[in-house]
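Predicted, not measured: the structure shown is a model, and the values here were computed from it. Starting from 1, each residue takes its place in the sequence as its number. Heavy-atom basis, side chains included; hydrogens, waters and symmetry copies ignored.
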Amino acid sequence: MNIRHVLLLLTLSAWTGTALGQTASIRGFVTDADDREPLVGVNVVLESDTGGLRGGATDGDGIYNLTRIPAGTYVLRFSFVGYTAWSDTLVFRTGQRLNLNIALQASPEMMEEAIVEAESETGAARITAGLQTVSPKDMDLLPTPDVSGDLASFLTTLPGVVTLGDRGGQYYIRGGEPSHNMTLIDGMYVYQPYHILGFYSAFSSDIIHQADVHTAGYGAPFTGRISSVIDIRSRNGDKRNYTGAASIAPFVSSAQIEGPLIYNRVSFMASARQSVVKQIAQHYIAQETPYTFGDAFLKVHGQISSNSQLSISAIYTNDRGSIGLESADRILEEVGWRNAAVGVRYVVLPRALPFVAEIQLSYSYLKTDQGPADDPVRWSRISGFQYAVHMNSFYQRTQWKWGLYWRAPQVTAHLGGLFQDLEVGVSRRHKAGIYLEPDFFITSELRARVTGIAEVFPGQENRNNFEARARAVWQRGEHEVSLGAGWYHQEIFGLNDRRDATNIFTSWRSAPTEKLSRSIHALTGYRVSPVPWLELSAETYYKQLDDLFIAEWTAYPRFTSRLQRADGRAMGIELRAEVRQPRLYGYINYGLSSVRYTSKQPSAELWFGSENLDFRPPHDRRHQLNIVATTRVSGVDVSVRWNFGSGRPFNHVYGFDGYVLLDGIQDLFTVSDDQRVIYGQPFQGLLPTYHRLDVSLEREFVLDKFILTAQVDVINAYNRRNLFALDLFTTERNYQLPIVPVAGLKIDFD
């Protein structure tokens, strides 16, 4: 880290301390009085005896911070729908910095109103400059083959998210590749967070407090990915009561427990899920399901002092299975991956300094392999530490965020197998960075944010990096207009065989030292609520993708680690409509998008007459439509989801041949040849359209201290034969899951 960057931060700290020394400030944590979970979005108002007002709202940690308060007497008020309001009269002295933590008590008579208000803070149409906040309730609304919701199922309803099918764990967001997405939970990287069966991720709704989905235009401190960011904050666990849950369903069984380790101070939460699809579902699904997967999550959270909190989180996932069709001359190889991560997060409101500080330290690990579990023919591993310090200062009309970070991912690969020359490699990419992100409240209606990021790559010449980003939101009444733009880079990436959808093995690589993959984002959005029960939004986006690294286009039927460069662009428009009625909730999302890649490969001229390749990649789904509706009938919650996707591109195969190197006279009847595939122009074919209807019925039964939830789902209710992939070598078709009836039970206890 350059010493000038450190001096800049120290200067900023000293300046803010001097500026605020002549006035008072107050800050603290706001929590639920029953379980001590943080409350997000609580309204905080400070009213002087002269009638002057200033205020704010709590953040994701339940923190509020009011600064530049002249000496005097004030009334401090906290209000949140569903909770009893809190107020007190305070006297501030010059230079005083007061820490005051508040626990709000839930009000039973206001709980229904609280649910409505909480829903209005999230929701399908509430997207602003590429950011959509997701709550556990949003996930639980969707029909899934499990009693609890899952983040993966919700993501598939977003108009900018494309999956290749109901298996594989590959998610493409607004034109980017799966490895272009950053996924974090409590600040920890999870490199491949989606399970091999596409209904599930590593994040069930039972452990999530809130998830921010940035599909474009994200700011600091998210660096190192060029497409999207999913930032998840887990629940802390109940600090007063022991609670738990257990569920059984044909696809997944789960168990969860939480409670106080030290009453009112330290809590824990533990959750585990394990697939049972091979043991239960496979016996009545008209298709083999050779998939095994599971995950576990543990968190300990403590209120260390009145002005600081500490949490330790850990997550583990495992997946293994075979995807595709087995034939007489080809045996499918297993593919597997394992994630592991552990992290520490410390949040403090320094008594002598005028900002909120957050310190994060974590270690993440991913290993993917192909072949037998005990002796894979190829494997790839990425692991490393991440350290970050984030600081946030609040003023009357501005908010300044700044921070430091250091990351050191190490990438290891051992690539072999049929037609594949053995390749072994190890690389480590150290990176240190500093960012500054002021947020300006220009007027009561207009807010703007700019971001500057400077990075260095120790030990690598000419690899310094600077990025700038900007965001603006104008809101008046029911209207909101948002803009976003930014420059992004990526120094590690995942490589797979793009020619075959059923080949999901991913090898992580470090970008060649001379150049990083980069992207430019630009987006505009408009949101309006013409009546209280209806919200409409539209957002357009454009992404320029430069210096992507994709596998070399080759005629040999093998995974190749040889790289070729590609540039691309993704653009689209997304339309959303959301209805909130007392007896009906639903939304419609539509996405129109276009993704295009161009690359240059000299060997392509031998096949196609030109070394320039211009094609739609296999995740370019032009049209997507999702319809979700839920209501309650005689105490039963009924949810319906229908989704439609236009056909994706795929490769035509014209034939096969054998290649013999003629370095002398050869006997063509006895000499061994190399098998080749005669492909057509890249991705000129088009798969059939995709559509599916899912239905869910759910009812709760209250039994003393237990709540029993019974659920019946039908996945693919009208048994649509959706194509997953076309085997290029045998022309056999591999279909997605047929009609699948599912019944599950979940029991919650206090």
Side-chain angles (χ1 to χ4, degrees), residues 8-31 38-80 83-104 305-309 347-358 390-403 436-450 472-476:
L8 174 62
L9 286 185
L10 294 177
T11 302
L12 284 170
S13 299
W15 174 75
T16 54
T18 302
L20 294 177
Q22 307 304 315
T23 57
S25 64
I26 185 170
R27 64 263 182 91
F29 300 94
V30 181
T31 59
L39 295 178
V40 183
V42 175
N43 295 312
V44 185
V45 175
L46 191 66
E47 182 178 2
S48 69
D49 52 7
T50 61
L53 291 174
R54 66 181 63 206
T58 56
D59 66 8
D61 290 301
I63 296 174
Y64 72 97
N65 195 337
L66 302 178
T67 61
R68 291 185 177 273
I69 305 171
T73 302
Y74 296 83
V75 176
L76 181 63
R77 306 183 191 277
F78 293 84
S79 61
F80 195 49
Y83 289 79
T84 302
W86 185 98
S87 65
D88 196 8
T89 300
L90 304 175
V91 178
F92 289 94
R93 300 187 302 273
T94 299
Q96 183 182 21
R97 292 195 179 97
L98 180 62
N99 276 29
L100 180 63
N101 297 332
I102 302 298
L104 295 184
S305 65
S306 62
N307 66 319
S308 63
Q309 298 182 355
V347 179
V348 61
L349 313 178
R351 298 186 188 279
L353 296 173
F355 52 74
V356 177
E358 177 184 351
H390 309 293
M391 289 162 280
N392 197 351
S393 294
F394 299 82
Y395 304 95
Q396 187 169 356
R397 302 205 65 81
T398 58
Q399 180 177 336
W400 289 75
K401 298 179 182 178
W402 67 95
L436 181 65
E437 187 173 74
D439 221 336
F440 301 100
F441 299 86
I442 301 172
T443 69
S444 60
E445 300 172 339
L446 180 61
R447 178 178 179 177
R449 182 174 70 198
V450 294
V473 179
W474 176 83
Q475 188 169 18
R476 173 179 289 179

Run the numbers on Phe440 and Val450 for side chain to side chain contact (heavy atoms under 4.5 Å, CB included), then give the verdict. CA-CA 9 Å; Phe440 301 100; Val450 294; 4.1 Å; yes

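Applying the salt bridge (Lys or Arg N to Asp or Glu O under 4.0 Å) definition to pairs two or more places apart or across chains, none involves residues 84-96.
The main-chain N or O of Gly41 is found under 3.5 Å from a side-chain atom of Thr58 such that the two form a donor-acceptor pair.
Between Tyr64 and Val30, the closest side-chain pair of non-hydrogen atoms falls below 4.5 Å. Annotation: side chain of Trp474 is not in contact with side chain of Thr443 (no heavy-atom distance under 4.5 Å). At a threshold of 4.5 Å between non-hydrogen side-chain atoms, the residues Val356 and Leu349 count as touching.
The shortest heavy-atom contact between Leu98 and Phe92 is CD2-CE2, 4.4 Å.
Checked against salt bridge (charged side-chain N to carboxylate O under 4.0 Å, His left out), Asp439 has the following partners two or more places apart in sequence or in another chain: Arg447. Among residues two or more places apart in sequence or in another chain, the side-chain hydrogen bond (donor to acceptor under 3.5 Å, both in side chains) test is passed with Gln309 by His301, Gln303. Residues forming a side-chain hydrogen bond (donor to acceptor under 3.5 Å, both in side chains) with Arg351 (at least two apart in sequence, or on another chain): Ser306, Asn307. Asn43 pairs by the side-chain hydrogen bond (donor to acceptor under 3.5 Å, both in side chains) definition with nothing, not counting sequence neighbours. Here Arg449 pairs with nothing under the side-chain hydrogen bond (donor to acceptor under 3.5 Å, both in side chains) rule; sequence neighbours left out.
With Leu76 as reference, Leu100 is the one residue of Thr89, Val45, Leu100, Ile102 to meet the side-chain contact (heavy atoms from CB on, under 4.5 Å) rule. The one candidate from Gln399, Lys401, Glu358 that meets the side-chain hydrogen bond (donor to acceptor under 3.5 Å, both in side chains) condition with Asn392 is Gln399.
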